[in-house]
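For reference, the structure discussed in these notes is given below.
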Amino acid sequence: QVQLVESGGGLVQAGGSLRLSCAASGSIFSINAMGWYRQAPGKERELVATITRSGSTNYADSVKGRFTISRDYAKITVYLQMNSLKPEDTAVYYCNAYATEYREIDYWRDYWGQGTQVTVSS
């Protein structure tokens, strides 16, 4: 199995910063990409940022210039540095990995963490 554990969420005032971490563990064979998604109350889950194995990144327009995704392949960890936070960034942030496991290396699927709450006050 693959486990994703997020950390770093919390309460911050508008304009502040938070750094989210997502550590992957378990029977991981290969990871093609990792990323962050978020879901605010009454809204659909949306992509925030992704990073591929090659280091290519993709950001939602709403966070470009404010958020930065990075990874540490040795630690199998992805980070999301969030600066200039706005109240509209308030959401549960979920870590995602598109990966395969040792026991079924040809079966690519999305794995999800439990989520971490980010609350930005005005």
Side-chain angles (χ1 to χ4, degrees):
Q1 295 183 337
V2 175
Q3 296 84 41
L4 302 176
V5 180
E6 303 102 330
S7 63
L11 175 65
V12 66
Q13 293 188 30
S17 298
L18 285 173
R19 189 192 191 202
L20 305 183
S21 298
C22 173
S25 62
S27 57
I28 302 167
F29 179 77
S30 182
I31 297 176
N32 181 260
M34 296 185 72
W36 292 93
Y37 293 72
R38 67 186 182 187
Q39 187 167 23
K43 297 183 179 180
E44 297 181 342
R45 184 175 297 189
E46 64 176 351
L47 182 149
V48 177
T50 59
I51 185 165
T52 68
R53 188 180 185 90
S54 65
S56 178
T57 58
N58 182 45
Y59 296 92
D61 288 340
S62 61
V63 306
K64 287 181 179 178
R66 299 188 298 120
F67 292 9
T68 302
I69 189 169
S70 61
R71 85 289 189 189
D72 183 339
Y73 286 127
K75 297 291 185 181
I76 320 178
T77 301
V78 65
Y79 305 93
L80 185 68
Q81 179 65 47
M82 305 185 294
N83 298 325
S84 301
L85 283 162
K86 305 174 181 179
E88 49 263 46
D89 293 318
T90 296
V92 176
Y93 284 70
Y94 297 92
C95 180
N96 166 264
Y98 188 60
T100 64
E101 300 182 49
Y102 284 111
R103 295 186 177 185
E104 45 188 352
I105 62 174
D106 294 324
Y107 178 42
W108 289 87
R109 61 159 288 182
D110 285 299
Y111 296 87
W112 297 92
Q114 292 296 308
T116 185
Q117 178 70 48
V118 172
T119 302
V120 184
S121 62
S122 60

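From a predicted model like this one, the values you see are computed outputs, not experimental measurements. Residue numbers count from 1 along this sequence.
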Inset, instruction - With rounding to the nearest 0.5 Å, note down the distance linking CD1 in Ile105 to OG in Ser27. - result: 12.0 Å

Inset, instruction - Determine the minimum heavy-atom distance between Thr57 and Tyr59, stating which atoms define it. - result: OG1-CE1, 3.6 Å

Inset, instruction - Give the minimum heavy-atom separation between Val12 and Leu18, together with the two atoms involved. - result: CG1-CD1, 4.0 Å

Inset, instruction - Rounded to the nearest 0.5 Å, what's the gap from CG on Leu47 to OH on Tyr37? Could you check? - result: 4.5 Å

Legend entry - Neighbour count >12 (heavy atoms, 6.0 Å) for atom CZ, Arg53: no

Legend entry - Distance in Å, Arg71 CZ paired with Cys22 SG, rounded so as to fall on 0.5 Å steps: 14.5 Å

Inset, instruction - Measure the CZ-OG distance between Arg19 and Ser7 for me, rounded to the nearest 0.5 Å. - result: 9.5 Å

Legend entry - Donor-acceptor pair, side chain of Thr50 and main chain of Met34, under 3.5 angstrom: no

Legend entry - Distance-minimising heavy-atom pair for Ile31 and Ala99: CG1-CB, 3.8 Å

Legend entry - side-chain contact (heavy atoms from CB on, under 4.5 Å) between Tyr107 and Thr100, worked out: CA-CA 6 Å; Tyr107 178 42; Thr100 64; 5.7 Å; no

Inset, instruction - Determine whether more than 12 heavy atoms belonging to other residues, nucleotides or ligands lie under 6.0 Å from atom CD of Gln3. - result: yes

Inset, instruction - Evaluate side-chain contact (heavy atoms from CB on, under 4.5 Å) for Cys95 paired with Trp36, printing each intermediate quantity in order. - result: CA-CA 5 Å; Cys95 180; Trp36 292 93; 4.1 Å; yes

Inset, instruction - Could you walk me through whether Tyr94 and Val92 pass side-chain contact (heavy atoms from CB on, under 4.5 Å), step by step? - result: CA-CA 6 Å; Tyr94 297 92; Val92 176; 3.4 Å; yes

Legend entry - Atom of Ala49, atom of Leu80 and distance for their closest heavy-atom approach: CB-CD1, 4.2 Å

Inset, instruction - Might you point out which heavy atoms bring Asp89 and Val120 nearest each other, and give the distance in Å? - result: CB-CG2, 4.3 Å

Inset, instruction - Would you tell me whether Ser54 and Thr52 have side-chain atoms, one donor and one acceptor, within less than 3.5 Å of each other? - result: yes

Inset, instruction - Step by step, work out the side-chain contact (heavy atoms from CB on, under 4.5 Å) result for Thr68 and Tyr79. - result: CA-CA 8 Å; Thr68 302; Tyr79 305 93; over 6 Å; no

Legend entry - Atom pair OH/CG of Tyr98 and Asn32 - distance to nearest 0.5 Å: 7.0 Å

Legend entry - Partner of Tyr93 by side-chain hydrogen bond (donor to acceptor under 3.5 Å, both in side chains), out of Gln117, Glu6, Arg38, Gln39: Arg38

Inset, instruction - Could you tell me which non-hydrogen atom of Ala14 sits nearest to which non-hydrogen atom of Ser122, and how far apart they are? - result: CB-CA, 4.4 Å

Inset, instruction - Report the relative orientation of the aromatic rings in Tyr102 and Phe29; use parallel for angles under 30°, tilted for 30 to 60°, perpendicular for over 60°. - result: perpendicular

Legend entry - Rounded distance [0.5 Å steps], CD1 in Ile69 versus CE in Met82: 11.5 Å

